J.: 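One structure is given below, represented as structure tokens, and several questions about it will come after.
Computed from a predicted model, the values in this text were never measured in an experiment.
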Amino acid sequence: DELCTQVNEDAMGVSPDGNLLVVADGVSGAPCSAVASSLAVKAALGLYSSWKEFMLPVLAVPLMRATVELFRDLGLLGSTTLILAHQKQGRLEVAQFGDCTAMVVRDSRPVFLTWEMQHRNNAPFQMYSRMSEAECCPHLYRFELQDGDTVCLYSDGIGDNVWPAQ
């Protein structure tokens, strides 16, 4: 079974094979944001388990659209940011929407870091029920991993308070 954990308004998940990592950050103050983040993680893990050949760059936008449609169907008013990292054959593929971050640490130093998607300072892009299809455009990254690299995904709760070099 996949692992999905909820902490406050954040949720994280790991696929059974350990190759897909997901972090969603429910936007503070919005109603049902904890539900939104949990649903986004579960949708990503569900999509991953249903595809034999999972390709994150191809599936990121349909995943976002399906999650937003689920929010609509449930009448959910909450919103969430989302980041997914898929590791396969030494390559890391990342899809990011909002201010969750991916970092790769090699020899105790960060060697890869995504940039937050924000409209302006402290106003991240978010997935929400009234989001248009045109807004479902995550940043996509690809990075070649080496043995011993550590992949970290985290919400802005860490990113706003700890610098990558720390």
J.: To the nearest 0.5 Å, what is the distance between CG (Asp25) and OG (Ser79)?
T.: 9.5 Å
J.: Phe71 and Ala36: which non-hydrogen atoms are nearest, and at how many Å?
T.: CZ-O, 3.6 Å
J.: Do the side chain of Ser37 and the main chain of Thr80 share a donor and acceptor less than 3.5 angstrom apart?
T.: no
J.: Considering all heavy atoms of both residues, which atom of Pro138 and which atom of Ala60 are nearest to each other, and what is their separation?
T.: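 Here Pro138 and Ala60 meet closest at CG-CB, 3.9 Å.
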J.: Look at the side-chain heavy atoms of Ile, Leu, Val, Met, Phe, Trp and Tyr, link any pair under 4.5 Å apart, and say whether Leu84 and Leu70 land in one connected group.
T.: yes
J.: What distance do Met12 atom CE and Leu45 atom CG have between them, rounded to the nearest 0.5 Å?
T.: 9.0 Å
J.: Rounded at 0.5 Å granularity, tell me how far CD in Glu93 sits from CG in Leu20.
T.: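 Going from the CD atom of Glu93 to the CG atom of Leu20 covers 10.5 Å.
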J.: Check the pair Asn19 / His86 against side-chain contact (heavy atoms from CB on, under 4.5 Å), numbers first and verdict last.
T.: CA-CA 6 Å; Asn19 289 334; His86 182 242; 4.3 Å; yes
J.: Output the distance between atom CD (Glu144) and atom CD (Gln89), rounded to the nearest 0.5 Å.
T.: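 If we round to the nearest 0.5 Å, Glu144:CD and Gln89:CD are 10.5 Å apart.
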J.: Is it the case that the side chain of Gln96 and the backbone of Trp115 share a donor-acceptor pair, with hydrogens and angles ignored and the cut-off at 3.5 Å?
T.: yes
J.: Go through it in stages, so that I can follow the logic: the residues are Glu116 and Thr101, the test is side-chain contact (heavy atoms from CB on, under 4.5 Å), and I'd like the CA-CA distance, side-chain angles, deciding distance and then a yes or no.
T.: CA-CA 7 Å; Glu116 296 179 354; Thr101 302; 4.2 Å; yes
J.: Does Val35 form a side-chain contact (heavy atoms from CB on, under 4.5 Å) with Leu74? I'd like the steps, not just the answer.
T.: CA-CA 11 Å; Val35 174; Leu74 295 173; 5.8 Å; no
J.: Rounded to the nearest 0.5 Å, how far apart are CZ of Phe97 and CD1 of Ile83?
T.: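 One gets 12.5 Å once the value is rounded to the nearest 0.5 Å.
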J.: Could you tell me which non-hydrogen atom of Val105 sits nearest to which non-hydrogen atom of Cys152, and how far apart they are?
T.: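 Answer, listing the atom of Val105 first, then Cys152: CG2-SG, 4.3 Å.
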J.: Please tell me if the side chains of Leu82 and Val22 come closer than 4.5 Å, counting only heavy atoms from C-beta onward.
T.: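 When only atoms from C-beta onward are counted, Val22 and Leu82 do touch, with a gap below 4.5 Å.
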J.: Could you report the tightest heavy-atom contact between Ser155 and Val23, atom names first, then the distance?
T.: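 Looking at all heavy atoms of both residues, the closest pair is N-CG1, 4.2 Å.
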J.: State yes or no: do Tyr141 and Leu145 share one hydrophobic cluster built from I, L, V, M, F, W and Y residues joined by side-chain heavy-atom distances below 4.5 Å, directly or via other members?
T.: yes
J.: Quick check: closest heavy atoms across Phe112 and Val94, and the distance to 0.1 Å?
T.: CE2-CG2, 4.3 Å
J.: Do the side chains of Leu140 and Leu63 join up, straight or via other hydrophobic residues, at under 4.5 Å, putting them in one cluster?
T.: no
J.: Please report the shortest heavy-atom distance between Thr67 and Ala40, naming the atom on each side.
T.: CG2-CA, 3.9 Å
J.: Between Gln87 and Val151, does a side-chain contact (heavy atoms from CB on, under 4.5 Å) hold up when you go through it step by step?
T.: CA-CA 9 Å; Gln87 172 185 295; Val151 177; 4.2 Å; yes
J.: For Arg106, check side chain to side chain contact (heavy atoms under 4.5 Å, CB included) against everything at least two apart and list the hits.
T.: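 Arg106: side chain to side chain contact (heavy atoms under 4.5 Å, CB included) contacts with Val111, Phe143, Gln146, Asp149.
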J.: Is it true that, when you exclude Asp73 itself, more than 12 heavy atoms of the residues, nucleotides or ligands shown sit nearer than 6.0 Å to its CG?
T.: yes
